[in-house]
Colleague: 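Sharing a structure below in structure tokens format, with a few things to ask.
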Amino acid sequence: MTPGSVLPQDFYARDPKAVARDLLGKVITRGRVAARIVEVEAYLGERDPGSHAFRGPTHRNATMFGPPGFLYVYFTYGMHWCANVVCTTEGEAGAVLLRAGAPLSGLATMRKRRPAARRDLDLCSGPAKLCEALGITGRDDGTDLRGGPIRIVDDREPAPPRRTSPRIGLAAGRGDHHRWRWYVPGDPNVSGPKGVGARTARRQWTERPRAGYPGEQRA
DNA sequence: ACCGGGATGTTCT
DNA sequence: GAACATCCCGGTG
């Protein structure tokens, strides 16, 4: 993997939907562990019923209201961490949820952190899995993505193919109809809806592999 | 393969 | 007391 350049703050100081789209294909790193981002979701802040910031600032979502280019990490379902990238400007709470990645390097470390993963395909194929593989916890909330332990870099690979879909896991009426999820079609690490109709829905959302995209992993 | 349900604790009603 | 931006395991076909 080429070294790559850290994404500048300007990259994050935009509408979360634009940031989400442009984050596909970028690389998140922690030490020697790295994954290519293949699935994200945009959350628009106080005007988005699906966002943690919908009801204004709280202790939990404070980082979202800070400057762009920082990591917002939250705890959910009593046992999982999820990581977001803070967008727009200080005082606004736009963010992008990192939902899945394709393992690039440090796979041995990932496997150690995620003993439940039976295949490499299970290492980063979900928001909480990605956090666990990269060792992201609440301690990393509020850290700078340009200079902290966790960084997002552009390794100058060509932009991957992109698709959109409704966001996953939102209750009805929480903005679940907006197509604010972006993913790389055909990448097997992309997470999908669980439960009834998963197979049909997954086909609809993930579709078929396209031209071989660098970093795309077939395990 | 495809489901169904349990785990587990913080946040907000 | 309910909801929750989830994951994993074990049952069944």
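These figures come from a predicted structure and were not determined experimentally. Naming: A, B, ... by sequence-line order, numbering from 1 per chain.
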Colleague: Scan every strand shown for a Watson-Crick or G-U wobble partner of B/dT8, both distances under 3.5 Å, and answer none if you come up empty.
Modeller: none

Colleague: Just compare C/dT6, B/dT11, B/dT10 and give me whichever is closest to any side-chain atom of A/R60.
Modeller: B/dT11

Colleague: Could you work out the separation of C/dA2 and B/dG6 based on their P atoms and round it to a whole Å?
Modeller: 16 Å

Colleague: Any donor-acceptor pair under 3.5 Å joining the side chain of A/Y77 to the base of B/dA7?
Modeller: no

Colleague: Given the ring of A/F11, does A/R146 sit roughly above its face, with NZ or CZ under 6.0 Å from the centre of the six-membered ring and within 45° of the axis?
Modeller: no

Colleague: When you measure from the side-chain N and O atoms of A/R55 to the phosphate of B/dT13, is any distance below 4.0 Å, counting only OP1 and OP2?
Modeller: yes

Colleague: What nucleotide among B/dT11, C/dC9, C/dT6 has an atom nearest to a side-chain atom of A/A116?
Modeller: C/dC9

Colleague: Under 4.0 Å between a side-chain N or O of A/H52 and OP1 or OP2 of C/dA5?
Modeller: yes

Colleague: Please report, rounded to the nearest Å, how far the P atom of C/dA3 is from the CG atom of A/L170.
Modeller: 15 Å

Colleague: When the distance from CG of A/D141 to C1' of B/dT10 is rounded to whole Å, what number comes out?
Modeller: 14 Å

Colleague: Is there a side-chain contact between A/P57 and A/E46 (heavy atoms, below 4.5 Å)?
Modeller: yes

Colleague: A/H80 has an atom NE2; how far is it from atom P of B/dT11, in whole Å?
Modeller: 17 Å

Colleague: Indicate, with a heavy-atom threshold strictly under 4.0 Å, whether A/G169 touches base, sugar-phosphate, or nothing.
Modeller: sugar-phosphate

Colleague: Could you tell me if the side chain of A/I28 sits less than 4.5 Å from the side chain of A/L98, heavy atoms only?
Modeller: yes

Colleague: Tell me whether A/Y43 and C/dA5 count as stacked here, given that the ring centres must be under 5.5 Å apart and the planes must differ by less than 30 degrees.
Modeller: yes

Colleague: Considering only heavy atoms from C-beta outward, does the side chain of A/V190 approach that of A/S125 to under 4.5 Å?
Modeller: no

Colleague: Between A/R174 and C/dA3, is there a side-chain N or O to OP1/OP2 distance below 4.0 Å?
Modeller: no

Colleague: So, applying side chain to side chain donor-acceptor pair (under 3.5 Å) with A/H52, which one of A/Y74, A/Y72, A/Y43 is it?
Modeller: A/Y72

Colleague: Quick one: A/N84 CG to C/dA5 P, roughly how many Å, whole number?
Modeller: 11 Å

Colleague: In whole Å, I'd like the distance from the CZ atom of A/F54 to the P atom of C/dA3.
Modeller: 17 Å

Colleague: How many whole angstroms separate atom NZ of A/K129 from atom C1' of C/dC9?
Modeller: 13 Å

Colleague: Among the nucleotides B/dA7, C/dC7, C/dA5, which one has an atom lying closest to any side-chain atom of A/A128?
Modeller: C/dC7

Colleague: Output yes when at least one side-chain N/O atom of A/T58 is less than 4.0 Å from OP1 or OP2 of B/dC12, else no.
Modeller: yes

Colleague: Measure the shortest side-chain to side-chain distance between A/L71 and A/D141 over non-hydrogen atoms and say whether it is less than 4.5 angstrom.
Modeller: no

Colleague: Which one is paired to C/dA5, where only Watson-Crick or G-U wobble pairs with both distances under 3.5 angstrom count?
Modeller: none

Colleague: Could you check A/A53 against A/A117 and say which one's nearest nucleotide on DNA chain C is further toward the 5' end?
Modeller: A/A53

Colleague: Between C/dA5 atom P and A/D176 atom CG, what is the distance in whole Å?
Modeller: 12 Å

Colleague: Over all strands shown, is A/R118 touching base, sugar-phosphate only, or nothing at heavy-atom distances under 4.0 angstrom?
Modeller: nothing

Colleague: Would you say A/R181 reaches C/dA5's phosphate, i.e. side-chain N/O to OP1/OP2 under 4.0 Å?
Modeller: no

Colleague: Between atom CD in A/E39 and atom P in C/dT6, what is the gap in whole Å?
Modeller: 10 Å

